[in-house]
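Heads up: the structure comes next, in structure tokens.
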Number of protein chains: 2
Amino acid sequence: MKPDDLNPAPVAPARPGQHKHCPVRDVLDRLGDKWSTLILVTLAQGPQRFNALARSVPDISRRMLTETLRHLERDGLIWREVTPSTPPSVRYGLTPLGNSLMPPLKGLIEWAQRHQPKILAARTRFDGSRRKA
Amino acid sequence: MKPDDLNPAPVAPARPGQHKHCPVRDVLDRLGDKWSTLILVTLAQGPQRFNALARSVPDISRRMLTETLRHLERDGLIWREVTPSTPPSVRYGLTPLGNSLMPPLKGLIEWAQRHQPKILAARTRFDGSRRKA
DNA sequence: CTGTATCCTGAGAGATACTG
DNA sequence: CAGTATCTCTCAGGATACAG
């Protein structure tokens with residue numbers, strides 16, 4: 001493989017004061033946060049309303065759900081559709097951009113599922129050999 | 001007493017009992033942390049010594065470098081080879097498992113690079129339309 | 001050179017209560 | 001129903017000093 005592909009932009013310092021944005025960091029940070037990925041894969045199965053999402057993603061608080069949805073919307077990964085009825089209803093769904101993230105994300109998810117046993121085994125091995133005397 | 005950094009997943013749901021540990025979460029949490037991906041990508045270009053890594057990943061502190069390397073080693077993604085010379089030298093490199101992560105990871109990185117302009121545009125649009133009156 | 005041990009701060013995230 | 005507003009607490013992670 002071409003090494004250069006794996007050594008993309010000089011990685012941003014990610015430090016205060018200097019925000020040279022590394023696009024990769026940008027994406028991975030979002031994926032790394034606690035709920036974004038969960039919401040994305042949930043929405044990948046079809047648009048959902050706010051409360052439906054809250055139910056699909058157990059243990060998420062309203063606050064975090066709102067916040068995460070806003071982030072994803074801001075990044076153009078999901079859309080938000082308000083129907084001003086009474087009571088109001090709001091639907092969320094993946095944009096084309098959001099959908100385009102799914103294949104690579106799926107790749108990662110599949111990797112995770114396939115290799116989880118190996119990871120768990122490695123941890124056990126590591127912890128075992130590290131057991132304090 | 002200091003909390004052991006290598007203790008079992010602290011990332012589990014805040015509420016114990018409710019939700020099983022999701023393997024995907026497991027992986028994404030690691031990728032989401034600040035340095036793991038950078039180190040993996042760097043090591044994908046070949047084994048490196050501790051200080052070489054520190055130089056390749058600017059702005060990482062020794063503490064975080066050590067800690068991240070330990071995590072990755074524990075998960076079986078990288079190996080660690082100590083040569084007890086004076087001064088000692090330690091090399092790190094990807095294991096086969098670590099290498100198997102590269103393709104999906106690379107997929108994500110490429111997505112990020114390709115779509116960054118769209119994301120930035122979406123943000124500008126969002127922030128613009130949200131400007132409070 | 002390759003780490004460990006502490007200390008400290010700030011962002012992330014839970015609980016709760018209120019509003020349109 | 002779909003959010004917003006606080007308050008608080010934890011903990012990732014930076015700085016620094018020490019150690020084998």
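Values in this document were obtained by computation on a predicted structure and should not be read as measured data. Within every chain, numbering begins at 1; the chains are lettered A, B, ... in the order of the sequence lines, protein sequences first and strands thereafter. Heavy-atom basis, side chains included; hydrogens, waters and symmetry copies ignored.
With rounding to the nearest 0.5 Å, the separation of CD1 in A:Ile39 from CG in A:Leu69 is 4.5 Å.
Mapping A:Ile60 and B:Val90 onto DNA chain C by nearest heavy atom places B:Val90 closer to the 5' end of the strand. Toward the 5' end of DNA chain D, the nearer of the two residues A:Arg63 and A:Pro87, judged by each one's closest nucleotide, is A:Pro87.
When the side-chain nitrogen and oxygen atoms of A:Arg30 are compared with OP1 and OP2 of C:dG12, none of them lie within a distance under 4.0 Å. Proximity of B:Arg70 to the phosphate of C:dG3: a side-chain N or O atom is located under 4.0 Å from OP1 or OP2. Regarding contacts with the backbone of D:dG3, a side-chain N or O of A:Tyr92 is found under 4.0 angstrom from either OP1 or OP2.
B:Thr66 comes within 4.0 angstrom of a base, heavy atoms only.
Counting to the nearest Å, the C1' atom of D:dG3 and the CZ atom of A:Arg91 are 18 Å from each other. Atom CD of B:Gln48 is separated from atom P of C:dG3 by 14 Å (rounded to the nearest Å). As a whole-Å value, the separation of B:Glu67 CD from C:dT2 P is 19 Å. A:Arg25 places its CZ atom 13 Å from the C1' atom of D:dA12, with the value rounded to the nearest Å. Here the P atom of nucleotide D:dG13 and the CH2 atom of B:Trp35 are 9 Å apart, to the nearest Å. Summarising the geometry, the separation between CZ on A:Arg62 and P on C:dG12 is reported as 22 Å, rounded to the nearest angstrom. In this structure, B:Glu73 atom CD and C:dG3 atom C1' are separated by 13 Å, rounded to whole Å. Counting to the nearest Å, the P atom of D:dT16 and the CG atom of B:Leu65 are 18 Å from each other.
Salt-bridge formation is detected for the pair A:Arg123/B:Asp26: a Lys NZ or Arg NE/NH1/NH2 atom is positioned less than 4.0 Å from an Asp or Glu carboxylate oxygen. B:Asp75 and B:Arg70 are not joined by a salt bridge, as no carboxylate oxygen comes within less than 4.0 angstrom of a charged side-chain nitrogen. With respect to B:Arg25 and B:Asp29, a salt bridge is recorded, a charged nitrogen being found less than 4.0 Å from a carboxylate O.
Side-chain proximity of B:Arg49 to C:dT2, D:dG14, D:dA2: nearest is C:dT2. Nearest to the side-chain atoms of A:Lys34 among the listed nucleotides C:dC1, C:dG20, C:dG14 stands C:dG14. Nearest to the side chain of B:Pro88, among C:dT2, D:dA2, C:dG3, sits C:dT2. Taking every side-chain heavy atom of B:Met64 into account, D:dG13 is the closest of D:dG13, C:dA13, D:dC1.
Bending across the helix from C:dC1-D:dG20 to C:dG20-D:dC1, expressed as the angle between its end axes from five pairs apiece, amounts to 50° (10° rounding).
B:Leu28 and A:Leu120 sit in two unconnected hydrophobic clusters of ILVMFWY residues. Membership requires side-chain heavy atoms under 4.5 Å apart, directly or through other members.
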Using atom types as modelled, flag every donor-acceptor pair under 3.5 Å from a side chain in residues 98-111 of chain A to any protein atom, sequence neighbours excluded.
residue, atom, partner, partner atom, Å
A:Ser100, OG, A:Leu97, O, 2.6
A:Ser100, OG, B:Trp111, NE1, 2.9
A:Trp111, NE1, A:His115, NE2, 3.3
A:Trp111, NE1, B:Ser100, O, 3.1
A:Trp111, NE1, B:Ser100, OG, 2.9

Which atom pairs, donor and acceptor, lie under 3.5 Å between side-chain atoms of residues 41-56 of chain A and protein residues at least two apart or in another chain?
residue, atom, partner, partner atom, Å
A:Thr42, OG1, A:Leu38, O, 2.7
A:Gln45, NE2, A:Val41, O, 3.4
A:Ser56, OG, A:Ala52, O, 3.0

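In this structure, the side chains of A:Arg80 and A:Val82 come closer than 4.5 Å at one or more pairs of heavy atoms.
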